[in-house]
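In this chain, numbering begins with 1 at the start of the sequence shown. Just so you know, ligand 1 is whichever comes first in the structure, and atom 1 is the first atom listed for that ligand. Predicted model only: the values in this text are computed from it and were never measured.
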Amino acid sequence: MQIKDRVAIITGAAAGIGRATAVRFAALGARGIALADVDEAGLAETERLARGAAAGCGTIVVPTDVTQIAALEHLYNSTVGRFGDLDIVFNNAGIVSGPPPFPDTAPERIKRVIEIDLGSVAVSTWFAVQHMRARGGVIVNTASTGGLNPYLADAPYAAAKAGVIMFSRSCKDLQAMHGIRVNAVCPGVTETPILEKLGGGERPDWLGPIMANIELLRPEDIADAVVRIVEDDTLAGEYVVVSNQPRQR
Ligand code: NAD
């Protein structure tokens with residue numbers, strides 16, 4: 001599916017990977033983009049950047065907590081109400097547990113991580129399917145390379161992201177049934193505000209040695225991968241890994 005003239009929903013659109021993808025979709029000629037996040041100031045800035053990337057792109061800002069079913073329903077209804085159609089959904093909102101590391105993470109935080117990083121992806125996909133089953137569409141879910149390997153310090157995050165990969169793989173047959181392609185993208189370590197959230201406000205010490213050996217990805221690198229997934233009509237039920245390259249010395 002080409003992005004030109006299409007209508008998209010992007011969650012986690014107020015910063016980082018979601019913002020970069022919104023700007024890329026606008027530059028590629030998307031007809032409409034619904035920008036969803038809990039961070040209203042960040043959403044306003046993403047809308048400004050997306051409109052700057054392409055004058056013809058319609059945007060709506062829909063403040064949304066993706067863990068709230070009513071908020072997701074409002075997001076989908078607002079998007080279809082404003083633009084008439086829905087072609088692409090990027091379920092990208094996510095959080096990390098932050099300090100202290102597991103197993104000392106507060107129980108409420110464990111629940112919140114799994115609710116946002118996995119639960120909301122499944123529920124949002126349900127809404128997307130209701131809107132797309134008549135004419136097809138593409139759903140991309142943000143997982144992580146952290147969902148591919150054991151990761152004790154944030155075991156809830158690793159489990160949620162592994163869940164996103166398996167959820168997306170499990171949706172493979174939606175392509176044959178309804179023309180809906182569901183895939184996951186697995187970013188490596190990417191230069192976004194989430195790196196500060198890993199340390200509860202500043203980058204944690206343990207990230208230093210890792211970053212000394214790898215090139216950080218840019219949010220635009222992940223946006224490129226999302227575009228490739230949307231455009232490649234052969235991809236369904238797959239997960240696409242965007243790896244860090246070793247640092248050049
Ligand atoms: P980010 O913190 O810049 O963006 C995440 C966005 O999600 C924020 O704008 C935040 O407000 C929003 N969000 C959080 N809770 C929400 C909720 N309940 N409802 C709606 N929005 C909510 O970080 P990012 O790196 O751009 O993260 C985007 C996605 O990429 C996340 O799912 C993250 O887990 C994943 N990821 C990031 C990296 C990385 O290194 N940056 C690596 C792998 C995966």
Checklist entry - Quick one: does Gly42 get within less than 4.0 Å of ligand 1, heavy atoms only? => result no

Checklist entry - In the protein, what heavy atom is nearest to atom 27 (O) of ligand 1, and what distance, to one decimal place, separates them? => result Ile194 CD1, 4.0 Å

Checklist entry - Once the angle between the rings of Tyr157 and Tyr151 is folded into 0 to 90°, is it parallel (under 30°), tilted (30 to 60°) or perpendicular (over 60°)? => result perpendicular

Checklist entry - Judged by non-hydrogen atoms, does Lys161 sit under 4.0 Å from ligand 1? => result yes

Item to check | atom 16 (C) of ligand 1 [closest protein heavy-atom partner, distance rounded to 0.1 Å] | outcome: Val38 CG2, 3.9 Å

Checklist entry - Quick one: nearest non-hydrogen protein atom to atom 38 (C) of ligand 1, plus distance? => result Gly188 O, 4.0 Å

Next on the checklist: Side chains of Val185 and Tyr239, heavy atoms from C-beta outward: is any pair under 4.5 Å?
Outcome noted: no

Checklist outcome for this item: ligand 1 atoms nearer than 4.0 angstrom to some heavy atom of Ile116 are 15 (N), 18 (N)

Next on the checklist: Quick check on contacts: which atoms of ligand 1 are under 4.0 angstrom from a heavy atom of Ala14?
Outcome noted: 9 (O)

Checklist entry - Going by heavy atoms in the side chains, are Phe25 and Cys57 under 4.5 Å from each other? => result no

Checklist entry - Does Ala143 have a heavy atom less than 4.0 Å from any atom of ligand 1? => result yes

Next on the checklist: Is there a side-chain contact between Leu28 and Val227 in this structure, where contact means two heavy atoms from C-beta onward sitting under 4.5 Å apart?
Outcome noted: yes

Checklist outcome for this item: Under 4.0 Å from one or more heavy atoms of Ile95, ligand 1 contributes atoms 14 (C), 15 (N)

Checklist entry - Of the protein's non-hydrogen atoms, which lies at the shortest distance from atom 26 (O) of ligand 1, and what is that distance? => result Ile17 N, 2.8 Å

Checklist entry - Is the shortest heavy-atom distance from the side chain of Pro63 to the side chain of Val38 under 4.5 Å? => result no

Checklist entry - Side-chain contact, heavy-atom cut-off 4.5 Å: Thr64 with Asp37? => result no

Checklist entry - Among protein heavy atoms, which sits nearest to atom 36 (N) of ligand 1, and what does the distance come to when rounded to 0.1 Å? => result Tyr157 OH, 3.6 Å

Checklist entry - Side chains of Arg181 and Asn183: closer than 4.5 Å at any heavy-atom pair? => result yes

Checklist entry - When only distance counts, is Val66 in polar contact with ligand 1, meaning an N/O pair under 3.5 Å? => result yes

Checklist entry - Atoms of ligand 1 less than 4.0 Å from Thr64 heavy atoms? => result 19 (N), 20 (C)

Item to check | Closest non-hydrogen atom pair, Leu86 against Arg135 | outcome: O-NH1, 3.5 Å

Checklist outcome for this item: So the atoms of ligand 1 within less than 4.0 Å of a heavy atom of Arg112 turn out to be 18 (N)

Next on the checklist: Does only the side chain of Lys197 get under 4.0 Å from ligand 1, or the backbone, or both, or neither? Count heavy atoms.
Outcome noted: side chain

Checklist entry - Within a strict 4.5 Å, meaning less than it, do heavy atoms of the Arg133 and Leu174 side chains meet? => result no

Next on the checklist: Quick test: of every protein heavy atom, which one is nearest to atom 25 (O) of ligand 1, and how far off is it to 0.1 Å?
Outcome noted: Thr192 OG1, 2.6 Å

Next on the checklist: For Pro204 versus Gly199, what's the shortest heavy-atom pair and its separation?
Outcome noted: CD-N, 3.7 Å

Next on the checklist: Out of all atoms in ligand 1, which are within 4.0 Å of some heavy atom of Val189? Include the element for each.
Outcome noted: 40 (O)

Next on the checklist: Please work out, at 4.0 Å between heavy atoms, whether the side chain, the backbone, both, or neither of Asn92 comes within that distance of ligand 1.
Outcome noted: both

Item to check | ligand 1 atoms in contact with Thr142 (distance to a heavy atom under 4.0 Å) | outcome: 29 (C), 30 (O), 32 (O), 35 (C)

Item to check | Passing option when Val189 is tested against Leu195, Leu217, Leu198 for side chain to side chain contact (heavy atoms under 4.5 Å, CB included) | outcome: Leu195

Next on the checklist: Please give me the minimum heavy-atom distance between Cys186 and Ile165, naming the atom from each residue.
Outcome noted: SG-CD1, 3.8 Å

Next on the checklist: Tell me the protein heavy atom at minimum distance from atom 40 (O) of ligand 1, and give that distance in Å.
Outcome noted: Thr190 N, 2.8 Å

Checklist entry - Hey, are the side chains of Met1 and Asp87 touching, using non-hydrogen atoms and a 4.5 Å cut-off? => result yes

Item to check | Side chain, backbone, both or neither: the part of Asp65 lying under 4.0 Å from ligand 1 by heavy atom | outcome: both

Checklist outcome for this item: Residues Glu215 and Asn244: closest non-hydrogen pair is O-ND2, 2.9 Å

Checklist outcome for this item: The closest protein heavy-atom partner of atom 11 (O) of ligand 1 is Asp37 OD1, 2.6 Å

Checklist entry - Relative to ligand 1, is Asp117 under 4.0 angstrom through side chain, backbone, both or neither, heavy atoms considered? => result neither

Next on the checklist: Under 4.0 Å from a heavy atom of Gly94: which atoms of ligand 1 are those, numbered in the order shown and with their elements?
Outcome noted: 5 (C), 7 (O), 14 (C), 31 (C), 32 (O)

